[in-house]
Amino acid sequence: MIDIKFLRENPDVVRASQKGRGESVELVDQIIAIDEKKRAAISEFEALRQEQNTLSKSVGSAKGDEKTALLANAKTLADKVKAADAKRSEVEEATKVLLLQLSNLLDTDAPIGGEEDFVTIEHVGTPRDFAKDGFEPKDHVELGKLLGAIDTERGAKVAGSRSYYLTGIGALLEFALVNYAIQSALKNGFTPVIPPVLVNPAAMEGTGFLGQAAENVYRIERDDVYLVGTSEVPLAAMHMDEILPAEKLPLRYAGYSSCFRREAGTYGKDTRGIIRVHQFDKVEMFTFCKPEDAKAEHARLLQWEKDFLTAMEIPFRVIDVASGDLGSSATRKFDIEAWIPTQGAYREVTSTSNCTEFQARRLNIRYKDSEGTKALATLNGTLVAIPRMIVAILENHQNSDGTVNVPAALQPFLGLKKFELA
RNA sequence: GGAGGAUUCGCAUAGCGGCCGAGUGCGCACGCUUGGAAAGCGUGUAUAGGGAAACCUAUCGAGGGUUCAAAUCCCUCAUCCUCCGCCA
């Protein structure tokens, strides 16, 4: 949610941001109009209420005929107050509905355009030359089978498309990745968290996942709860309706959880393997900090993501995601894309977003220092999303016979230097 | 799933339908006192909205209702605690 005061004073900035995202510019003017109506309705209600409060007090002390007269008066006033109150809450509700539709302001440094208009910030590492190594790389599905690590056929049998089993060294690899991720997060000052993955509508709504992203969310209708698509949701909502002391900031959490995604509208996209699945595990970084520190924190999150990929010895590139492809809460987003040899392409493995005060305002999270309470900023970033990391590791570190070398950083967690054939 | 009890200012509690945005204790802040500290004394101590300001309005788990007037009465829901049932 955008600060309504900011919007009142800088409508052009908000209009430009909406335009950059390819979203409704008209919405800004609708909000300005209804905000004026809202304030008028509030004033009217408050004036009447004040009158009523005064009158009510005099009723209490009055006696006899005087009291009867006052009561009649008060009765008509009460009806007026009721009407004004109804009008007020109606307009307030309508204002909120519109305000919630408005996306976060774009960072002025974010590239403008659609999905294809990202800016590549850097390349790290060099894609391996398999021709030079003298063999054709196998894809992760084939490697997963040879190693007894991934079983997509039985996954489909039991749970439908985009489902899979991680077995044997596949499962061990997940544990190793998670342990390595948590250990580095601890080193960087994060508090490890295992959050709930089943959350209520307020948490989902507050984090902004019931807007444009709603169709990708699993909903358990019977109990009115949702399965989270990322632990960003329970981590952000953890401090919903709270006021945090300034000296506690920045607050950094590393959440490990399963993530559930409907993947609606992706028919035919990444149908092979475990690049795009309905359920996967992920370690997510989440920060609450002062707004003025958000940019620096965003850079830190990106650096920690890069450190992870580097430790996995995987070539990657960093992109600055274009305005049209940002989530509604993000002011700016960086994706890290790992090199996938059999696709001859860089594919997204992690992503970090700066949500400035947008998400915190929706969730009613503030911080307090000596000057008072203020909005705070939230940021999130993937430390490791298991399936895609497994894909990257298997494909990049494979040998001609189908065995796979284990990155040095993971060896202590696996007690292995190499994954042998099953 | 069933039966009870609870939910008030950071914490603990008081609270009669009008004198309650709300008392008390603790905690915290500032001041006095003191050689210094403790004790003692005094003052202050929520959040949001509207307004240039004085100030006004709202909030006693949430939402409805009754009433001129609700922390206080009624209804629904949520959460927590105890007991019973079931269960990893």
Side-chain angles (χ1 to χ4, degrees), chain A residues 1-9 31-100 102 194-206 219-226 234 237-249 251 257-258 288 291 357-376:
Chain A
M1 189 156 49
I2 280 190
D3 182 6
I4 184 72
K5 281 181 190 157
F6 180 88
L7 188 148
R8 264 176 222 151
E9 286 158 22
I31 291 173
I32 291 171
I34 200 162
D35 176 57
E36 264 171 50
K37 271 171 78 181
K38 185 187 83 169
R39 283 188 290 164
I42 289 175
S43 295
E44 194 182 335
F45 163 74
E46 288 188 354
L48 283 167
R49 175 65 106 184
Q50 189 182 351
E51 204 182 323
Q52 184 189 35
N53 284 345
T54 314
L55 189 56
S56 271
K57 271 182 189 149
S58 58
V59 169
S61 48
K63 295 263 152 57
D65 286 351
E66 191 195 354
K67 185 162 186 166
T68 320
L70 282 176
L71 273 178
N73 216 338
K75 177 79 176 156
T76 52
L77 188 56
D79 290 340
K80 273 196 216 163
V81 169
K82 213 171 195 177
D85 194 23
K87 167 95 189 202
R88 180 191 57 92
S89 50
E90 186 187 308
V91 181
E92 274 180 353
E93 188 53 37
T95 307
K96 201 182 160 197
V97 167
L98 287 184
L99 206 52
L100 284 177
L102 200 62
I194 297 177
V197 294
L198 222 39
V199 302
N200 63 26
M204 218 57 180
E205 171 86 55
R219 175 167 180 221
I220 316 279
E221 201 158 339
R222 182 170 159 176
D223 297 294
D224 200 21
V225 288
Y226 297 87
M238 194 169 168
H239 292 295
M240 180 159 61
D241 296 320
E242 290 182 27
I243 299 170
L244 304 171
E247 57 276 15
K248 273 197 171 177
L249 303 178
L251 209 49
S257 84
S258 291
F288 296 89
E357 297 104 296
F358 185 85
Q359 209 172 42
R361 214 172 271 123
R362 291 172 73 117
L363 289 164
N364 191 27
I365 306 171
R366 288 156 292 170
Y367 78 98
K368 184 177 196 167
D369 63 13
S370 53
E371 291 163 27
T373 61
K374 301 172 204 160
L376 55 72

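Atoms considered below: every heavy atom in the structure, side chains included; atoms not considered: hydrogens, waters and symmetry mates.
The partner of B:rU34 cannot be assigned: no Watson-Crick or G-U wobble pair with both contacts below 3.5 Å exists in any strand. Of all nucleotides present, none satisfies the Watson-Crick or G-U wobble test against B:rC86 with each distance under 3.5 Å. In this structure B:rA6 sits in a base pair with B:rU79, meeting the Watson-Crick or G-U test at under 3.5 Å. For B:rA71, there is no paired base (Watson-Crick or G-U wobble, both distances below 3.5 Å). Across every strand in view, B:rG27 sits in a pair with B:rU45 that passes the Watson-Crick or G-U test at under 3.5 angstrom. Across all strands shown, nothing is found opposite B:rC16 as a Watson-Crick or G-U wobble partner with both distances under 3.5 Å. In this entry B:rG21 has no Watson-Crick or G-U wobble partner, no candidate having both defining distances under 3.5 Å.
Rounded to whole Å, the C1' atom of B:rA71 lies 13 Å from the corresponding atom of B:rG23. With P as the reference atom, B:rA37 and B:rC32 are 11 Å apart, rounded to whole Å. To the nearest whole angstrom, the two C1' atoms, one in B:rG64 and one in B:rA78, are 15 Å apart. Nucleotides B:rU34 and B:rG40 are separated by 11 Å at their C1' atoms, to the nearest Å. Here the separation of B:rU72 from B:rU8, taken at their C1' atoms, is 11 Å to the nearest Å. For B:rG36 and B:rC81, the C1' atoms lie 48 Å apart once the distance is rounded to whole Å. Here the separation of B:rG85 from B:rU79, taken at their C1' atoms, is 22 Å to the nearest Å. For the C1' atoms, the distance from B:rA14 to B:rG21 is 15 Å, rounded to whole Å.
Around atom CD1 of A:I194, no more than 12 heavy atoms belonging to other residues, nucleotides or ligands sit under 6.0 Å away.
Annotation: the span from A:L48 atom CG to A:L55 atom CG amounts to 12.0 Å, rounded to 0.5 Å. Expressed to the nearest 0.5 Å, how far CD of A:E36 lies from CD1 of A:I31 amounts to 13.0 Å. We find the CD-CG distance between A:E92 and A:L99 to be 12.0 Å, quoted to the nearest 0.5 Å. In this structure, the separation between OG1 on A:T95 and CD on A:E93 is 9.0 Å, given to the nearest 0.5 Å.
Under the salt bridge (charged side-chain N to carboxylate O under 4.0 Å, His left out) criterion, no residue pair touches residues 239-249 of chain A, with sequence neighbours excluded. Screening residues 37-54 of chain A for salt bridge (charged side-chain N to carboxylate O under 4.0 Å, His left out) gives A:D35-A:R39 as the qualifying pairs, with residues at least two apart or on separate chains. Legend: salt bridge (charged side-chain N to carboxylate O under 4.0 Å, His left out) pairs involving residues 69-85 of chain A, not counting sequence neighbours, sorted by first then second residue: A:D85-A:R88.
The closest side-chain heavy-atom distance from A:D223 to A:L198 is not below 4.5 Å.
Contact annotation: A:R8 reaches the phosphate of B:rG50 (side-chain N/O to OP1 or OP2, under 4.0 Å). Distances shown here put every side-chain N or O of A:Q52 at or beyond 4.0 Å from the OP1 or OP2 atom of B:rC68. Phosphate contact (OP1/OP2 of B:rA48, side-chain N/O of A:R366, threshold under 4.0 Å): present. Contact between the side-chain N/O atoms of A:N200 and the OP1/OP2 oxygens of B:rU79 is not found at any separation under 4.0 Å. Not one side-chain nitrogen or oxygen of A:S43 sits closer than 4.0 Å to the OP1 or OP2 atom of B:rG51. Considering only side-chain N and O atoms, A:N53 lies nowhere under 4.0 angstrom from the phosphate OP1 or OP2 of B:rA69. Applying the 4.0 Å criterion to OP1 and OP2 of B:rG51, one finds that A:R39 has a side-chain N or O inside that range. Put simply, A:K82 has a side-chain N or O that comes within less than 4.0 Å of OP1 or OP2 on B:rU66.
Ranking B:rG18, B:rG49, B:rA58 by closeness to the A:S56 side chain, first place goes to B:rG18. Of the candidate nucleotides B:rA69, B:rU47, B:rU57, B:rU47 has the atom nearest to the side chain of A:K368.
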Within the sub-3.5 Å range, which N or O atoms of nucleotides 7-12 of chain B have a protein N or O partner, and how far apart are they?
none

N/O-N/O pairs, protein side and nucleotides 76-78 of chain B side, under 3.5 Å:
none

Any N/O pairs under 3.5 Å between the protein and nucleotides 61-64 of chain B? List them or say none.
none

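When each of A:V199, A:V197, A:I220 is checked for a side chain to side chain contact (heavy atoms under 4.5 Å, CB included) with A:V225, only A:I220 meets the rule. If you run side chain to side chain contact (heavy atoms under 4.5 Å, CB included) between A:H239 and each of A:L376, A:N364, A:L251, A:L363, only A:L251 comes through.
Scanning all heavy atoms of the two residues, the minimum distance from A:K87 to A:A41 falls at CG-CB, 4.4 Å.
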